[in-house]
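Labels below follow one simple rule: chain letters A, B, ... track the order of the sequence lines, proteins then strands, and each chain is numbered from 1.
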Amino acid sequence: MSLFNSLTGRQEPFEPVDGAKVRMYVCGPTVYDEPHLGHARCYITWDVLYRLLKYLGYEVTYARNVTDVDDKIIARAEKEGVTPATITDQYYDHFIQAMRALNVLDPDSEPRATEYIQQMLEGIQVLIEKGAAYTTPDGSVYFRVHTKADYGKLSRKPLDDLKAGARVEVDSGKEDPMDFALWKGVSGDVINPSDMKWASDMKWASPWGWGRPGWHMECSAMNMAMFGPQIDIHAGGADLVFPHHENEIAQSEAWTGVTPFARYWLHNGFVNVSGEKMSKSLGNFATIGQVLARYDANTIRYFLLTHHYRMPVDFHDQALEGAQNRVVKLHRALKSAVQKLGLEEQTLFSSLVWPYAQKYGDDAWQVDFTAFNTAMMDDLNTPQALACLNRVIDGLNSTEFDAYPSPEEGLKRTLAVALALFHILGFSIAPLFQAEEALLPKDSLLDLYHAFHTEKAPENTPARDLLTSLIELRQLAKTTKNWSLADDIRNRLSAEAGIQLMDRKDGSTTWEKLPDHV
RNA sequence: GGCGGCAUAGCCAAGUGGUAAGGCAGGAGUCUGCAAAACUCUUAUCCCCCAGUUCGAAUCUGGGUGCCGCCUCCA
């Protein structure tokens with residue numbers, strides 16, 4: 001397993017400090033707004049890494065924090081006239097719903113910044129004692145950047161260059177423009193608690209007066225509390241490299257004296273929307289909910305995984321539809337095999353996938369499994385991993401299983417490998433077991449029923465029965481070689497109800513609900 | 001201005017010294033009453049341009065052009 005380490009700028013073999021134990025920390029969301037595609041990309045990427053590490057046998061402890069104290073939260077609360085906790089509860093809830101909808105595994109822990117104030121204060125105290133931080137008259141504490149000789153090592157920004165371009169802040173009380181806040185004093189604020197009741201929620205008592213933590217401090221404190229002075233993997237979006245991660249490194253290493261704070265720094269690339277960078281300031285961010293309304297979770301994941309995680313990704317419909325077309329085929333092949341074998345969702349992995357997937361080393365699909373592993377261990381080369389999945393799926397569709405003791409055995413082994421890859425990449429098997437009846441458009445089917453039948457449909461006829469009746473009518477038309485009627489029924493079902501009819505060799509007709517194009 | 005990244009077929013995208021993965025779309029065939037699905041075959045003499053290194057480069061070096069990002073909130 002090797003990973004591209006932002007700290008060294010190279011791809012390196014992955015070796016955890018403590019044998020098979022992996023301490024992995026990912027910067028979580030600031031919960032003040034709807035989760036967007038940037039979050040989807042980030043957390044799907046690290047979800048895949050988490051799944052892969054576990055699959056490879058590592059004992060992973062995955063922490064993903066929740067930033068629930070921040071100026072943006074306060075601003076939002078003020079704007080809406082509610083407490084900050086109302087905002088953070090609401091958007092945390094939305095975030096978790098989005099993650100579940102995207103089939104992102106829950107991390108092992110989700111520490112909240114507000115639960116670690118004490119640890120932050122302890123860390124800040126140590127930094128002051130070591131001379132790496134200083135207080136200002138307004139009750140703030142700043143990190144003294146020049147005391148950290150290797151400051152800038154992650155983002156490769158020499159301190160002098162940064163200073164040259166630093167924005168001048170007025171009345172900050174900082175010794176140096178590059179110094180950053182560990183603690184933001186609010187004692188000097190003119191806050192009338194009776195007017196702004198929420199203000200008390202975002203203030204904590206500290207040795208330097210009332211205040212709240214600076215942005216970066218929470219990650220250092222939570223890592224220290226959960227993992228100690230050094231972790232294996234620290235990941236997040238590329239936009240966090242500077243200043244967030246740079247400052248986190250500075251304060252953590254100055255605090256503990258242990259270097260490096262995180263041994264592997266991993267960063268995922270940006271998300272663009274129709275060619276433009278998605279950002280808060282541009283106001284063009286697409287929420288996860290908006291995209292999920294148009295494409296299913298597996299499509300979004302497939303689309304993201306066709307790109308290497310460090311490359312930028314551009315969300316636009318032509319590309320998304322390409323992914324959707326492929327995912328529909330994937331689902332169709334897997335669903336068909338699952339049905340042929342009469343498998344059940346709950347026992348799919350315990351009864352088939354894990355017992356079979358790696359058992360038969362001489363199977364053709366094992367070659368693809370090995371290639372898959374190689375690709376994934378090469379800095380998560382998911383595009384190549386998907387190529388392996390595609391080959392296995394093609395194999396699933398071809399009914400030739402001559403090399404196996406029986407066709408059923410061949411189908412089982414092939415499906416097991418396909419589903420293993422499917423699972424490691426984090427795709428959901430839910431669509432393979434989805435009852436399609438629930439997706440039938442009742443109104444359209446009723447209209448079509450009346451278009452082709454002279455009798456009115458009885459009250460409350462289930463959509464499924466309406467469809468069955470239309471299929472039977474078409475079967476009759478076919479037996480009398482009334483092709484125009486048969487074709488008419490088929491064409492209108494497709495055009496008006498999104499239902500594709502398929503005639504099988506044995507004379508029966510099956511159907512499939514086409515994806516909705518919103 | 002400083003730093004970094006990217007440029008591969010109609011579209012998306014791997015590969016990074018040995019002669020272009022995969023997907024979508026398109027074309028042909030098998031199957032079908034016709035379709036759909038599925039399968040098979042097919043679609044870049046070439047990887048932004050120029051020069052160089054090399055037996056050999058899309059892959060390395062130098063120069064150029066274009067696009068993007070970070071240096072400010074953002075995943």
Side-chain angles (χ1 to χ4, degrees), chain A residues 6 9 26-30 32-33 35-46 64 70-72 75 152 155-158 160-167 169 178 215 235-244 246 267-272 275-282 285 302-303 305-308 310-314 316-330 332-333 336 371 375 378 381-391 393-400 478 481-484 486-487 490-491 494 500-505 509-512 514:
Chain A
S6 303
V26 173
C27 282
T30 301
Y32 74 104
D33 207 347
H36 53 68
L37 287 179
H39 296 115
R41 190 352 190 202
C42 177
Y43 303 117
I44 284 174
T45 296
W46 308 123
R64 187 184 66 204
D70 183 271
D71 290 357
K72 296 186 291 293
S155 52
R156 273 172 267 286
K157 292 179 189 303
D160 290 343
D161 291 352
L162 283 170
K163 279 182 182 170
R167 283 156 177 74
E169 292 174 52
M178 286 318 299
W215 176 27
D239 48 343
L240 297 180
V241 172
F242 190 90
H244 182 54
E246 194 67 63
H267 294 98
N268 60 277
F270 286 108
V271 169
N272 295 322
E276 211 177 31
K277 188 207 168 185
M278 188 181 78
S279 74
K280 289 293 162 63
S281 52
L282 289 173
F285 67 93
Y302 186 95
F303 172 70
L305 298 184
T306 57
H307 304 70
H308 184 85
R310 286 190 284 109
M311 295 292 108
V313 154
D314 188 13
H316 62 273
D317 281 326
Q318 192 175 11
L320 250 347
E321 277 164 19
Q324 183 178 57
N325 288 342
R326 185 61 202 167
V327 167
V328 166
K329 291 177 187 180
L330 252 41
R332 191 145 52 206
S336 159
D378 179 15
N381 191 336
T382 53
Q384 271 194 351
L386 286 174
C388 299
L389 177 62
N390 283 327
R391 273 195 294 275
I393 295 290
D394 283 349
L396 204 55
N397 281 327
S398 66
T399 49
E400 317 274 328
K478 281 172 68 182
K481 297 200 193 303
N482 185 350
W483 306 127
S484 63
D487 291 351
R490 188 174 59 198
N491 293 339
S494 169
Q500 178 65 54
L501 295 188
M502 294 171 286
D503 294 335
R504 297 202 303 197
K505 271 187 180 171
T509 296
T510 59
W511 59 271
E512 188 177 86
L514 299 168

*Using a 4.0 Å heavy-atom cut-off across all strands, classify A/Gly269 as base, sugar-phosphate, or nothing.*
base

_Using a heavy-atom cut-off of 4.0 Å across all strands, would you classify A/Arg332 as base, sugar-phosphate, or nothing?_
sugar-phosphate

*Between B/U32 atom C1' and A/Gln500 atom CD, what is the distance in whole Å?*
13 Å

_Nearest whole Å is fine: how far is B/A36 C1' from A/Asp503 CG?_
8 Å

*For every nucleotide of nucleotides 18-29 of chain B, 5' to 3': is a protein heavy atom under 4.0 Å from its base (B), only from its sugar-phosphate (S), or from neither (-)?*
---BSSSS----

*asked:* By the 4.0 Å heavy-atom rule, please label A/Val26 as base, sugar-phosphate, or nothing.
replied: nothing

*Among B/C12, B/C34, B/A75, which nucleotide sits nearest the side chain of A/Tyr43?*
B/A75

*Under 3.5 Å side-chain donor-acceptor pair for A/Asn268 and A/Trp46*: yes

_A/His307 vs B/A13: side-chain N/O to OP1/OP2 distance below 4.0 Å_ = yes

*Examine B/A35: is either OP1 or OP2 under 4.0 Å from a nitrogen or oxygen in the side chain of A/Trp483? Give yes or no.*
no

_Paired nucleotide for B/G18 [Watson-Crick or G-U wobble; both distances under 3.5 Å]_ = B/C55

*Given B/A35, is OP1 or OP2 found less than 4.0 Å from the side-chain N or O atoms of A/Asn491?*
no

*Which one is paired to B/U32, where only Watson-Crick or G-U wobble pairs with both distances under 3.5 angstrom count?*
none

*asked:* Does B/C74 have its OP1 or OP2 closer than 4.0 Å to a side-chain nitrogen or oxygen of A/Lys72?
replied: yes

_Distance in angstrom units between A/Arg156 CZ and B/G2 P, rounded_ = 18 Å

*Taking the C1' atom of each, how far is B/G23 from B/C55, in whole Å?*
36 Å

*Please determine if A/Arg326 forms a cation-pi arrangement with A/Tyr302, meaning its NZ or CZ atom is less than 6.0 Å from the six-membered ring centre and no more than 45° off the ring axis.*
no

*If we ignore angles and hydrogens, is there a donor and acceptor under 3.5 Å between the side chains of A/Thr509 and A/Asp503?*
yes

*Identify whether any heavy atom of A/His267 sits under 4.0 Å from a base atom; if not, whether one sits that close to sugar-phosphate; answer base, sugar-phosphate or nothing.*
nothing

*Using a heavy-atom cut-off of under 4.0 Å over every strand shown, decide if A/Leu320 touches base, sugar-phosphate, or nothing.*
nothing

*Looking for any heavy atom pair under 4.0 Å, which part of the strands does A/Gly237 touch: base, sugar-phosphate only, or nothing?*
sugar-phosphate

